[in-house]
2 protein chains.
Amino acid sequence: MSPYGDIEVMMLIRTPQDIGALLRERRQKAGLDQAELARRVGVSRQWLVEVEHGKPRAEIGLVLRALNVLDIPLEVGTPRYATGVADTPGIDIDAIVDAARKPQ
Amino acid sequence: MSPYGDIEVMMLIRTPQDIGALLRERRQKAGLDQAELARRVGVSRQWLVEVEHGKPRAEIGLVLRALNVLDIPLEVGTPRYATGVADTPGIDIDAIVDAARKPQ
DNA sequence: CTATAATGTCGCCGTACGTGGACAATTCAT
DNA sequence: ATGAATTGTCCACGTACGGCGACATTATAG
């Protein structure tokens, strides 16, 4: 089998989906259901459901609180100029997509 | 003097203020003014101003885009059970504060 | 297969968002 | 001191947020 035991290789957060997946995974590993985590974070269960599904317009403050409650530290990494597909910095791929705002 | 030259010791993101400070610092290091960064991210300049000041209810999607534009990777660290002041996990200090929601 | 829990949806509602445009205040060169 | 550039603030507007409560739809037992 592959080398990395249960060492998570190094997760990068780039999108709301990443956040959602992370939260859900860690919540389950912590043995909490949505209702309980929501309660601890101080949000509605509905909110958690949507965020775990990658809601892009969730409030950053609440998201950070959820991460803190689950004891998930967010670190600022050093820029890697060749990680996965490079978004040419200077030209705004993402910003263009933005114009066509996803309805959820 | 202290050991770390210009090695950033390891920044942890825990609050919207942290994000704001980070964005502002990196924006300036990149030699961009708010107008230019806002343009590249695809948001209004007003938005950037507020986020750099720590706006807690900014959309997470936009924030992540801003980080990406500035080429700032966010990594998921491994939980440290003694980093700074510990928030007893299980009891929700933050959630309580939440009730008294800051008017901005 | 049947209870029961857990998760996903639906409306309604008050509130704040993010934007564009204009203007004030501040910082920076010269 | 003068002017330009950068940053901060204001308003009005349309839109979506997040909360609540109820219900529908899967999982998980038993």
Side-chain angles (χ1 to χ4, degrees), chain A residues 15-70 90 92-104, chain B residues 15-70 90 92-104:
Chain A
T15 71
Q17 282 82 7
D18 293 341
I19 302 241
L22 176 63
L23 282 178
R24 161 156 276 184
E25 179 206 340
R26 297 300 182 87
R27 169 177 67 77
Q28 291 173 336
K29 278 189 181 169
L32 302 174
D33 63 13
Q34 295 177 335
E36 176 56 19
L37 178 56
R39 200 189 59 72
R40 294 193 189 176
V41 177
V43 297
S44 68
R45 192 174 61 85
Q46 161 85 5
W47 182 86
L48 228 204
V49 173
E50 290 175 348
V51 169
E52 285 190 353
H53 285 318
K55 179 174 220 174
R57 311 194 41 169
E59 297 181 9
I60 201 191
L62 299 181
V63 171
L64 290 180
R65 278 218 323 256
L67 291 171
N68 290 340
V69 167
L70 285 176
D92 40 12
I93 290 291
D94 285 322
I96 295 171
V97 178
D98 164 59
R101 246 195 181 134
K102 273 201 243 162
Q104 251 238 96
Chain B
T15 71
Q17 282 82 9
D18 292 341
I19 302 236
L22 175 63
L23 282 178
R24 163 156 276 184
E25 179 206 341
R26 296 300 183 87
R27 171 178 63 78
Q28 291 174 337
K29 278 188 182 169
L32 302 174
D33 63 13
Q34 295 176 335
E36 177 57 18
L37 177 56
R39 201 189 58 74
R40 294 194 190 177
V41 176
V43 296
S44 67
R45 194 173 60 85
Q46 160 86 5
W47 181 87
L48 228 205
V49 173
E50 289 176 347
V51 169
E52 285 189 353
H53 284 323
K55 178 174 223 177
R57 310 192 44 169
E59 297 180 9
I60 201 190
L62 299 181
V63 171
L64 290 180
R65 277 218 326 255
L67 291 171
N68 290 341
V69 167
L70 284 176
D92 41 13
I93 289 291
D94 285 322
I96 295 171
V97 178
D98 163 60
R101 245 196 183 131
K102 274 200 245 161
Q104 250 239 98

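Chain naming here is simple, since letters A, B, ... match the order of the sequence lines and numbering starts at 1 in each.
For K55(B), taking side-chain heavy atoms from C-beta onward, the closest of the listed nucleotides dC17(D), dC17(C), dG20(C) is dC17(C).
Counting heavy atoms from C-beta on, the side chains of L37(B) and V41(B) come closer than 4.5 Å. Proximity of L22(A) to I19(A): side-chain heavy atoms (C-beta onward) are nowhere separated by under 4.5 Å. Counting heavy atoms from C-beta outward, R27(A) and E36(A) have side chains that stay 4.5 Å or more apart.
If you take CZ of R57(A) and P of dG18(D), they are 9 Å apart, rounded to a whole angstrom. The CD atom of E59(B) sits 9 Å away from the P atom of dG18(D) (whole-angstrom rounding). Atom CD of E50(A) and atom P of dT9(C) are 9 Å apart (whole Å). The CG-P distance, from L48(A) to dG8(C), rounds to 10 Å in whole Å. Atom CG in L62(A) sits about 13 Å away from atom P in dA16(C), given to the nearest Å.
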Practice task
Decide side-chain contact (heavy atoms from CB on, under 4.5 Å) for V43(B) and V51(B); before the verdict, give the C-alpha distance in whole Å, the side-chain angles of both, and the deciding distance to 0.1 Å.
Solution key: CA-CA 11 Å; V43(B) 296; V51(B) 169; over 6 Å; no

Problem - Worked verdict on R24(A) versus Q34(A) for side-chain contact (heavy atoms from CB on, under 4.5 Å) - result: CA-CA 9 Å; R24(A) 161 156 276 184; Q34(A) 295 177 335; 3.3 Å; yes

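When the local axes at the two ends of the helix from dC1(C)-dG30(D) to dT30(C)-dA1(D) are compared, using 5 base pairs at each end, they differ in direction by 70° after rounding to 10°.
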Using atom names, set out every protein N or O paired with an N or O of nucleotides 3-9 of chain D below 3.5 Å, distance rounded to 0.1 Å.
residue	atom	partner	partner atom	Å
dT6(D)	OP2	D33(B)	OD2	3.3
dT7(D)	OP1	R27(B)	NH1	2.9
dT7(D)	OP1	R27(B)	NH2	3.4
dT7(D)	OP2	Q34(B)	N	2.8
dG8(D)	OP1	R24(B)	NH1	3.3
dG8(D)	OP1	R24(B)	NH2	3.0
dG8(D)	OP1	H53(B)	NE2	3.3
dG8(D)	OP2	R24(B)	NH2	2.9
dG8(D)	OP2	Q34(B)	NE2	2.6
dG8(D)	N7	R45(B)	NH1	3.3
dG8(D)	N7	R45(B)	NH2	3.4
dG8(D)	O6	R45(B)	NH2	2.8

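The two residues G42(B) and R65(B) come nearest to each other via the heavy atoms O-NH2, 3.9 Å. P56(A) and I60(B) get closest at one heavy-atom pair: O-CG2, 3.5 Å. Between V63(A) and A58(A) the shortest heavy-atom distance is CG2-CB, 4.1 Å.
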